[in-house]
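To keep things clear, I will list the structure first and then write my remarks on it.
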Amino acid sequence: AFGVHQICVEPPFRRIRLVDALSEALEEDVHEMPDGELRRRAYKLDIPELVGAGRGKLIDKLFGELVEPSLIQPTFVLDHPKELSPLAKPKRGEPHLTERFELYMAGMEVFNAFSELNDPLDQRERFEAQAALREEGDDEAQQIDDDYLRALEYGLPPTGGVGMGIDRLVMLLTGQASIR
């Protein structure tokens, strides 16, 4: 139990695509929405920290406001937009998305995982796009990491990983709303 919710961790866990879930919540196809409309919807919801936000951050903020709180039972959120995942490999057949997933439970992210991008040219382009967002005021955007790019040029085998929020896992296991 977590708060008023009974959480069932018996597989299989539900799987949803991030943009599809947000499109359903907005009742409009996010792929077809211009950035200005995403921004207007975010302002309408009084979502903070939108200064310098690019398309990826707008999608992330809207998802966090409209979809994330409803993800009570274990749910894998798949196929994050490329702008939102600057270190993840593009999804085969859908290069505007990435090979990334997150597990949500009790309305919060428990872990994040993705296939590491190992193409130095693609990675440089993404770092440059992130740096432009940073210059426009997005403090969360990545900076260009020339050492990492140089290492990629030497070669990085296919890799991936999972980052788990131990604090959130402890919160879930102990039924606490805060880690404090």
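These numbers were taken from a predicted model, which means no experiment stands behind them.
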* Asked: Quick one: hydrophobic cluster around L97, which other residues, with the 4.5 Å side-chain cut-off, linked directly or via members?
  ->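 Once heavy-atom contacts under 4.5 Å are chained together, L97 still belongs with nothing else.
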For [X], side-chain contact (heavy atoms from CB on, under 4.5 Å) partners two or more places apart:
X: E68; value: F63, Y104
X: D147; value: D145, R150
X: Y43; value: R39, L50
X: E128; value: R124, I144

* **Pair listing, ring-ring contact (aromatic ring centres under 6.0 Å, His included) test, anchored in residues 116-150, at least two apart** =>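 For residues 116-150, and leaving out neighbouring residues, there are no ring-ring contact (aromatic ring centres under 6.0 Å, His included) pairs at all.
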* Asked: Nearest heavy-atom pair of D122 and P90: which atoms, and what distance?
  ->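 Shortest heavy-atom separation between D122 and P90 comes out as OD2-CG, 3.8 Å.
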* To do: Quick one: closest heavy-atom pair of P74 and I7, and the distance?
  =>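 That closest heavy-atom pairing would be CD-CG2, 3.9 Å.
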* Determine whether more than 12 heavy atoms belonging to other residues, nucleotides or ligands lie under 6.0 Å from atom CD of E37. =>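 Counting neighbours around CD of E37, more than 12 heavy atoms of other residues, nucleotides or ligands fall under 6.0 Å, so yes.
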Under 3.5 Å, which donor-acceptor pairs do the side chains of residues 110-117 form with other protein atoms, sequence neighbours left out?
unit_1	atom_1	unit_2	atom_2	d
N112	OD1	R100	NE	2.9
S115	OG	E99	OE1	2.8

Donor-acceptor pairs under 3.5 Å, side chain of residues 26-35 to any protein atom, not counting sequence neighbours: which ones?
unit_1	atom_1	unit_2	atom_2	d
E28	OE1	R41	NH2	2.6
D29	OD1	H31	N	3.0
D35	OD1	R55	NH1	2.6

* Could you pull out all residues at least two apart from E49 that satisfy salt bridge (charged side-chain N to carboxylate O under 4.0 Å, His left out)? =>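 Counting only residues at least two positions away or on another chain, E49 forms a salt bridge (charged side-chain N to carboxylate O under 4.0 Å, His left out) with K61.
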* To do: Kindly indicate, with the supporting measurements, whether the criterion side-chain contact (heavy atoms from CB on, under 4.5 Å) is fulfilled by Q123 and L87.
  => CA-CA 7 Å; Q123 187 64 75; L87 300 173; 3.7 Å; yes
Distance-only check: which donor-acceptor pairs under 3.5 Å involve side-chain atoms of residues 10-21, not counting sequence neighbours?
unit_1	atom_1	unit_2	atom_2	d
R17	NE	D20	OD2	3.2
R17	NH1	D79	OD2	3.0
R17	NH1	E94	OE2	3.3
R17	NH2	E94	OE1	2.8

* Taking only residues two or more places apart in sequence, or in another chain, which ones meet K89 in a side chain to side chain donor-acceptor pair (under 3.5 Å)? ->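 In terms of side chain to side chain donor-acceptor pair (under 3.5 Å), with neighbours along the sequence ignored, K89 is linked to no residue.
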* Asked: Is the closest side-chain heavy-atom distance between Q73 and C8 below 4.5 Å?
  ->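 Side-chain contact under 4.5 Å: yes.
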* Check against side-chain contact (heavy atoms from CB on, under 4.5 Å), Q142 and R126 -> CA-CA 9 Å; Q142 297 278 331; R126 293 201 210 177; over 6 Å; no
Using distance only, find each side-chain donor-acceptor pair of residues 154-168 under 3.5 Å and give its atom names and separation, not counting sequence neighbours.
unit_1	atom_1	unit_2	atom_2	d
R168	NH1	E109	O	2.9

